[in-house]
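Structure first, then comments.
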Amino acid sequence: MENSSCSREEKKMNQEVRLRFAPSPTGYLHIGGARTAIYNWLYARKTGGKLILRIEDTDAERSTEESIQGILDGLRWLGVTWDEGPYFQSQFGEEHRAAARKLLESGKAYKCFCTREELEKKREIAREQKLDFSYDGTCRKLSPAEVEAKEAAGLPYTIRLKVPEGDGAVVFEDLVYGRIEKKYADIEDFVICRSNGQPLYLLSNAVDDARDRISHVIRGQDGLANTPKQILIYQALGLPVPRFAHMSLTLDPKRAKISKRSHGELVAVHFYREHGFLPWALVNFLVLLGWSNPDSREFFSRDELIEAFDLGGIKRANSIFNVQKNDPKFITDPKAISMNAHYLREMPVEELEPYVVAELKKAGIWQPEFAAERRDWFLKTIDLIRSRYHFLTDFATLGRPYFADDFGIEEKALKKNLLKYPDLKEWLPLLADRFAALEDFSAAETERVIREVIEELDVKAGVIINGMRTAVTGQLKGAGMFEILEILGRQRVVDRLRRVVQFFT
RNA sequence: GGUCCCAUCGUCUAGUGGCCUAGGAUAUCGCCCUCUCACGGCGGAGACACGGGUUCGAGUCCCGUUGGGACUACCA
């Protein structure tokens with residue numbers, strides 16, 4: 001009894017679920033990377049496992065501190081939380097080199113003295129003959145004496161892994177793609193260490209994953225082709241092989257992999273942040289790009305998503321992120337916008353509040369009283385105007401007339417709703433007088449007065465109401481007029497209605 | 001070129017041999033609501049890449065074709 005419980009305990013330890021997100025800091029966090037991070041995060045949260053963040057910064061030339069910060073900021077903003085790290089791959093160089101030495105000593109790898117020029121030449125020839133070039137094993141056949149002689153001569157060498165010979169194959173069960181088999185014969189003796197002694201990605205990555213006791217590697221499908229090579233490394237090193245789950249890639253409308261180079265800011269997480277996306281809306285959208293729940297649900301709370309997420313729901317086919325370049329109507333994938341708008345109008349207004357506060361502060365129209373004595377009014381205002389907004393930024397732009405007095409008048413609105421009816425010059429101030437005399441400035445009361453005046457003047461309701469709309473908000477469209485009046489309050493409404501005469505010169 | 005992966009409305013997707021005259025979402029169009037614009041409601045148009053099998057029956061299984069993608073570095 002005692003024994004079995006002990007081994008069960010051990011088993012449990014070994015089965016601990018550990019995920020990692022391992023970006024290389026060569027630019028901002030883009031939506032492809034974010035999606036990978038989100039899937040790892042979800043799986044960790046679902047299984048009660050850990051998410052490790054590892055920065056793969058061994059490419060010193062391309063890695064930047066700024067980029068590291070950008071990635072961390074992006075993850076934090078999205079709400080992707082990690083349990084360990086960030087670790088930095090560059091700090092484990094000695095460990096990677098030791099692994100290479102070990103492989104060399106155990107005969108699982110060998111020194112290759114072929115120069116780049118020689119290899120390039122062979123590649124060239126193969127290309128001309130329309131043949132496939134994979135390393136021909138020239139140096140694998142070198143005798144110990146030959147190796148010694150070359151080394152003594154000071155010739156630089158790379159280290160290559162000895163891929164097993166024979167008819168065998170590397171086989172693994174991908175959690176998304178199923179059984180994957182790659183014949184040894186189709187894998188060349190690949191380089192694991194550069195001639196300057198620097199270990200290569202395939203090696204470092206495997207060593208790091210083993211050290212961090214990663215149990216599941218969830219990454220882009222572009223890693224699928226490398227997986228057999230990495231498994232060979234694990235095996236040669238005698239390390240446990242993690243489970244792999246490869247996820248479909250995110251393509252642009254032209255079916256090319258999205259990249260910082262060709263899409264710039266449009267695919268950067270910070271672009272969505274700056275353009276008024278709610279982080280959760282973006283997460284929700286990104287998760288659905290290549291994953292779905294059997295019940296076709298589209299909106300998930302954080303807890304619901306963690307509960308519903310599973311690797312089996314990841315699609316094998318790549319999906320297209322429908323970026324709309326230079327589209328006057330959409331700044332990005334319409335579905336992403338629609339989801340953002342959905343959350344904007346459906347989420348509890350108290351949860352939306354801090355985001356709106358931030359926008360108003362950014363725009364310089366924030367008033368401390370909105371969080372104090374006028375907080376009820378503030379929340380009601382947000383609730384009134386949010387149904388026609390798509391982005392958080394709209395609260396500071398389209399919403400400006402509700403929070404500040406210096407707002408502009410839309411050209412079209414001025415012409416269509418005001419100047420077209422010169423009599424408004426008299427009518428609107430008249431309305432202002434009636435409002436001023438009103439005891440109760442409620443939506444119901446203002447509506448009563450307005451209907452009264454319409455009756456007296458015998459004009460079309462729309463002329464008065466839309467004229468007022470433009471007078472008090474500067475806009476052509478917006479919420480119901482009477483609700484707007486009540487929200488704006490008597491003083492503002494009266495002032496704005498009287499001020500309107502200036503436009504009729 | 002070689003190796004591997006993939007293939008349902010424009011886009012995201014449901015679908016694991018009969019429930020599919022293929023469902024939902026988004027975008028688009030129309031109608032309703034209406035003081036405008038949204039929201040909301042209702043409705044329209046819109047897909048199983050193609051060809052062979054297997055089967056009583058195929059979007060679903062097999063093969064081929066076509067198309068797309070990834071990988072193919074002393075980058076990560």
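Just so it is clear: chains get the letters A, B, ... in the order the sequence lines come, proteins before strands, and each one is counted from 1.
Across the C1' atoms, B:C32 and B:U65 are found 50 Å apart, a figure rounded to whole Å. Between B:G68 and B:C74, the two C1' atoms lie 32 Å apart (nearest whole Å). Spacing of P atoms, B:A45 relative to B:U36, comes out at 29 Å, to the nearest Å. For the P atom pair drawn from B:C50 and B:U8, the interatomic distance equals 11 Å after rounding to whole Å. Taking the C1' atoms as reference points, B:U66 lies 26 Å from B:U55, given to the whole Å. B:G10 and B:A49 have their C1' atoms separated by 16 Å, given to the nearest Å. As rounded to the nearest Å, B:C61 and B:U16 have C1' atoms that lie 10 Å from one another. Across the C1' atoms, B:G18 and B:U13 are found 23 Å apart, a figure rounded to whole Å.
Checking B:U3 for Watson-Crick or G-U wobble geometry (two distances, each under 3.5 Å) identifies B:A70 as its partner. Using N1 to N3 plus N6-O4 or O6-N4 for Watson-Crick, or N1-O2 and O6-N3 for G-U wobble, each under 3.5 Å, B:C50 pairs with B:G64. A 3.5 Å limit on both hydrogen-bonding distances identifies B:G30 as the Watson-Crick or G-U partner of B:C42. Base pairing annotation: B:U16 forms no Watson-Crick or G-U wobble pair, as no partner gives both donor-acceptor distances under 3.5 Å.
Between B:G40 and A:R345, a contact under 4.0 Å exists linking OP1 or OP2 to a side-chain N or O. Phosphate proximity of B:C74 to A:K111: absent, as no side-chain N or O sits under 4.0 Å from OP1 or OP2. Contact annotation: A:R316 reaches the phosphate of B:C6 (side-chain N/O to OP1 or OP2, under 4.0 Å). In this structure, A:R127 does not reach the B:G2 phosphate: none of its side-chain N or O atoms is under 4.0 Å from OP1 or OP2. Between A:R388 and B:G40, a side-chain N or O to OP1/OP2 separation shorter than 4.0 Å is absent. Between A:S134 and B:U72 there is no side-chain N or O to OP1 or OP2 distance below 4.0 Å. In terms of phosphate contacts, A:K335 brings no side-chain nitrogen or oxygen within less than 4.0 Å of OP1 or OP2 of B:G10. The side chain of A:R54 contributes no N or O atom lying less than 4.0 Å from OP1 or OP2 of B:A76.
No donor-acceptor distance shorter than 3.5 angstrom exists from the side chain of A:Y343 to the backbone of A:S338, with no hydrogens or angles considered. A donor-acceptor pair is defined here as one N or O able to donate and one able to accept, closer than 3.5 Å; such a pair exists between the side chain of A:R160 and the backbone of A:D189. Looking at A:S292, its side chain never comes within 3.5 Å of a backbone N or O of A:L288 through a donor-acceptor pair.
If you measure from atom CH2 of A:W291 to atom C1' of B:A25, you get 14 Å, rounded to the nearest angstrom. Atom CG in A:D222 sits roughly 18 Å away from atom P in B:C4 (whole-Å rounding). Note: NZ (A:K122) to P (B:C74) measures 13 Å, nearest angstrom. Following rounding to the nearest Å, A:D57 (CG) and B:C75 (P) show an atom-to-atom distance of 16 Å. Taking atom CG of A:D327 as the reference point, atom C1' of B:G10 lies 13 Å away to the nearest angstrom. At whole-Å resolution of the value, CG in A:N293 and P in B:G15 are 9 Å apart. Look at OH on A:Y389: it is 14 Å from C1' on B:C39, rounded to the nearest Å. Going from atom CG of A:L202 over to atom P of B:A76 covers 10 Å, rounded to whole Å.
When each of B:C35, B:U28, B:U26 is scored by its nearest atom to the side-chain atoms of A:E483, the top-ranked nucleotide is B:C35. For A:R116, the side-chain atoms get nearest to B:C74 when compared with the rest of B:C74, B:A27, B:C6. When the nucleotides B:U13, B:C35, B:C75 are ranked by their closest atom to the side chain of A:S292, B:U13 comes out on top. Distances were taken from every side-chain heavy atom of A:L224 (C-beta onward) to each of B:C74, B:C5, B:U26; the shortest belongs to B:C5. Distance from the side chain of A:I180 is smallest for B:C5 among the nucleotides B:C5, B:U3, B:U26. Candidate nucleotides B:C12, B:C35, B:C74 were compared by shortest atom distance to the side chain of A:R451, and B:C35 ranks first. Of the candidate nucleotides B:C35, B:C6, B:U28, B:C6 has the atom nearest to the side chain of A:Y177. Picking from B:U3, B:A76, B:C35 the nucleotide with the shortest atom distance to the side chain of A:E56 gives B:A76. Of the candidates B:U11, B:A76, B:U28, the closest approach to any side-chain atom of A:R194 belongs to B:A76. The side chain of A:A225 lies closest to B:C71, out of B:G24, B:A73, B:C71.
In terms of position on RNA chain B, the residue among A:D59 and A:K477 whose nearest nucleotide sits closer to the 5' end is A:K477. Heavy-atom nearest nucleotides on RNA chain B were determined for A:F299 and for A:P294, and the one closer to the 5' end corresponds to A:P294.
A:D132 contributes a side-chain N or O that forms a donor-acceptor pair with the base of B:G1 under 3.5 Å. With hydrogens and angles left out, the side chain of A:S387 and the base of B:A38 share a donor-acceptor pair within 3.5 Å. A donor-acceptor contact under 3.5 Å is formed by the side chain of A:S195 with the base of B:C74.
By the 4.5 Å heavy-atom criterion applied to side chains, A:K121 and A:E118 are not counted as neighbours.
If you check every strand for non-hydrogen atoms under 4.0 Å, A:K329 touches sugar and phosphate atoms only. Across all strands, A:A341 comes closer than 4.0 Å to no nucleic acid atom at all (heavy-atom distances). As judged by a 4.0 angstrom heavy-atom cut-off over every strand, A:S319 is placed among residues touching the sugar-phosphate backbone only. In this structure, A:G290 reaches the sugar-phosphate backbone alone: every heavy-atom distance under 4.0 Å involves primed, P, OP1 or OP2 atoms, never a base. The residue A:L200 sits close only to the backbone: its heavy atoms come under 4.0 Å of sugar-phosphate atoms, none of a base.
Separation of the A:F309 and A:W291 ring centroids falls under the 6.0 Å cut-off. Taking the centre of each ring, A:Y135 and A:F190 stay at or above the 6.0 Å mark.
Closest of all the heavy-atom pairs between A:A413 and A:L476 is CA-CD1, 3.6 Å.
Cation-pi contact between A:R35 and A:Y39: present, with separation from the ring centre below 6.0 Å and deviation from the ring axis of at most 45°. At least one cation-pi condition fails for A:R54 and A:F88: the charged atom is not both under 6.0 angstrom from the six-membered ring centre and inside a 45 degree cone around its axis.
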Requested in this report: Go through the steps to decide whether A:D59 and A:R62 satisfy the test salt bridge (charged side-chain N to carboxylate O under 4.0 Å, His left out), and finish with yes or no.
Outcome: CA-CA 6 Å; A:D59 186 343; A:R62 293 196 298 155; 2.9 Å; yes
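Remark: the A:Y157 side chain and the A:S195 side chain contain no N/O donor-acceptor pair separated by less than 3.5 Å. Side chain to side chain, A:N340 and A:H390 fail the donor-acceptor criterion of an N or O pair below 3.5 Å.
Contacts between residues 464-475 of chain A and RNA chain B, counted as heavy-atom distances below 4.0 Å, involve A:I465, A:N466, A:R469.
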